[in-house]
Amino acid sequence: MAIYIYNTLTRKKEPFETLQPNQVRMYVCGPTVYDKAHVGHAMSVLVFDIIRRYLEYRGYEVRHVMNYTDVDDKIIQRANLEGVDSMELAERYMQEFARHLQELNVRPATVYPRATQEIDQIIAMVQGLVEKGYAYEVDGDVYFAVEKDDDYGRLSGRQLEDMQSGFRINVDERKRSPMDFALWKASKPGEPAWDSPWGPGRPGWHIECSAMNLHHLGEQIDIHGGGNDLIFPHHENEIAQTESLTGKPFARYWVHNGMLQLSGEKMSKSLGNLVTIEEFLSEHSADVLRMLVLNSSYRSPLKFNEETIGHAERALERLRSAMRPAQVGADGEMPAALQQQMEATRQGFVEAMDDDFNTAGALGHLFDLVRAINQARDEGAGPQALETAQKLLRELTDVLGLRLDEEARGGDEAAPFVDLLVEVRTELRQQKLWALSDLIRDRLLELGVVLEDGKDGTTWRWK
RNA sequence: GGCGACGUGGCCAAGUGGUAAGGCAGGGGUCUGCAAAACCCCGAUCACGGGUUCGAAUCCCGUCGUCGCCUCCA
């Protein structure tokens, strides 16, 4: 069975075939580090982390590159505003982002290139494009001539003529076509600058990704990803630059995630309607955000609000319910129904994920397994049977990047004391001192400990 | 104005030709001293209007609505 991936370039789901057997070269556009990252950035990162994990699960070796744009107008502007060095500012936010990646349980990329560390490659590429006649220099700027590129607009499905009629383009008289974009920008005094054949300057935005791809992955790659707001002009321009230079098809599959929406609008810095990753993680676990992402198609807009966050939180709780141990003293064998469900779940999970990473469908299958496990527990299945099924659940949730094992929030030191309280309370209950028993239960709940009175005694867990 | 995506039960959301997964919320029940959890049962004909087909949520056309891109943006 093949994996099918929706390709923005062809607007179809296509069977996934790699350039080299069992090896995937994947490039994902990372953030411009000029401010705190928001949950929309996290969504994109999570989407591609899930894709990567699944490809690895299916036996591929993934070479995963994510860049940091650490030089650009906004960084310079922001640095001037704060009165700090622009490199310093970029460094600060880059480190913060790296920390978030860890907190979000994202598998580390193979390489994290930065624009400022790829200047030589960028200059070489611009030079190559000038030599081939695809780019031209004006006053220390270098522009890509879109009219030289026959199939410009292919990714975003736009015609050059349509774009030129757009009234939003500021016409720069020095450009041959209004749609020409900068490969290299001459620096103004006080701006970060690198020497180049065209004088001191810095790279344009689009060229860095092309150069990094060439440098770290080669002329042709399997997957190129990013948010769908990057389709035009960023990815369109990347294709133009890279293919004009190499003469070969650049990325095989263009994969784009939908936008996170806050109150019906795309979350973005310019709109100011954002929740930073830091803010989110101070109130919720990373799994909650991941669950939110998993519960819908990665290509669709994702509704982000208190209600959907709450749903994700409770869905996670349900998933975790299956991980609870067998009843005290139970020793039943593996029920046939559970055995059957395990097979159905594994198969259903793979089928769903093979279909353009249908995580919501895959989750549905996991919940079927959750029900079967809980059913088995209720019916007295023993630890061995239960653990076999739980192992599968853990294996599959791990592919999605969820961490079902709840961290013991109170720490292990607290456990003996909780045990003691439970013991005392059991005495109280035997003496039918309900008011006191309930008080202990309520107070422990306030401290984050949930007591559950079962048939064979009381169990407790961290909330 | 151009390009693209989408509109499925109260909410979130799978499903792209054969009469609609799953989660959350809600109602009823089992269990419980009560509760919680878990388990069992209950709910939609798929924005609207046409068309194609033996048959459509699923294909085509139109209408309405929402969102994204067209300038930096994950």
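Lettering of chains follows the sequences in order, A, B, ..., and the numbering in each one begins at 1.
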Problem - Centroid separation His224(A) to Tyr253(A) less than 6.0 Å - result: no
Problem - Close aromatic pair by centroid cut-off 6.0 Å: His235(A) and His256(A) - result: yes
Tell me the partner of [N], counting only Watson-Crick (N1-N3 plus N6-O4 or O6-N4) or G-U wobble (N1-O2 and O6-N3) with both under 3.5 Å; none if nothing fits.
N      : value
C69(B) : G2(B)
G17(B) : none
C64(B) : G7(B)
U45(B) : none

[N] versus [M] - spacing of their [atom1] atoms, nearest Å:
N      : M      : atom1 : answer
U58(B) : G49(B) : P     : 13 Å
U8(B)  : A13(B) : C1'   : 9 Å
A57(B) : U45(B) : P     : 12 Å

Practice task
Report yes if at least one side-chain N or O of His41(A) is closer than 4.0 Å to OP1 or OP2 of A74(B); otherwise report no.
Solution key: yes
Practice task
Would you indicate, yes or no, if C12(B) has its OP1 or OP2 atom less than 4.0 angstrom from a side-chain nitrogen or oxygen of Lys303(A)?
Solution key: yes
[X], nearest nucleotide to its side chain (from [options]):
X         : options                : value
Phe232(A) : G23(B), C70(B), G4(B)  : C70(B)
Asn295(A) : A13(B), G4(B), A25(B)  : A13(B)
Ser297(A) : G23(B), C70(B), A14(B) : A14(B)
Ser296(A) : C3(B), C24(B), A14(B)  : A14(B)

Handout entry: Side-chain donor or acceptor of Asn257(A) paired with backbone N/O of Tyr298(A) under 3.5 Å
Key = no
Please classify the nucleic acid contact of [X] as base, sugar-phosphate, or nothing, using heavy-atom distances under 4.0 Å.
X         : value
Gly226(A) : sugar-phosphate
Ile231(A) : nothing
Leu260(A) : base
His234(A) : nothing
Asn228(A) : sugar-phosphate
Gly153(A) : nothing

Completion exercise
So, with a heavy-atom separation below 4.0 Å from RNA chain B, the residues of residues 357-364 of chain A are Asn358(A), Ala360(A), Gly361(A), Gly364(A)
Problem - CD (Glu395(A)) with more than 12 external heavy atoms under 6.0 Å - result: yes
Practice task
Using a 4.0 Å heavy-atom cut-off, write out nucleotides 33-40 of chain B from 5' to 3' as B (base contacted by protein), S (sugar-phosphate only) or - (no contact).
Solution key: BBBBSBSS
Please tabulate, for the side chains in residues 362-372 of chain A, all donor-acceptor contacts under 3.5 angstrom to protein atoms that are two or more places apart in sequence or on a different chain.
none

Exercise for the section: Quick one: sort the Tyr152(A) and Phe232(A) rings into parallel, tilted or perpendicular, breaks at 30° and 60°. Expected result: perpendicular
Exercise for the section: Check the distance between G23(B)'s C1' and Leu393(A)'s CG and give it to me in whole angstrom. Expected result: 15 Å
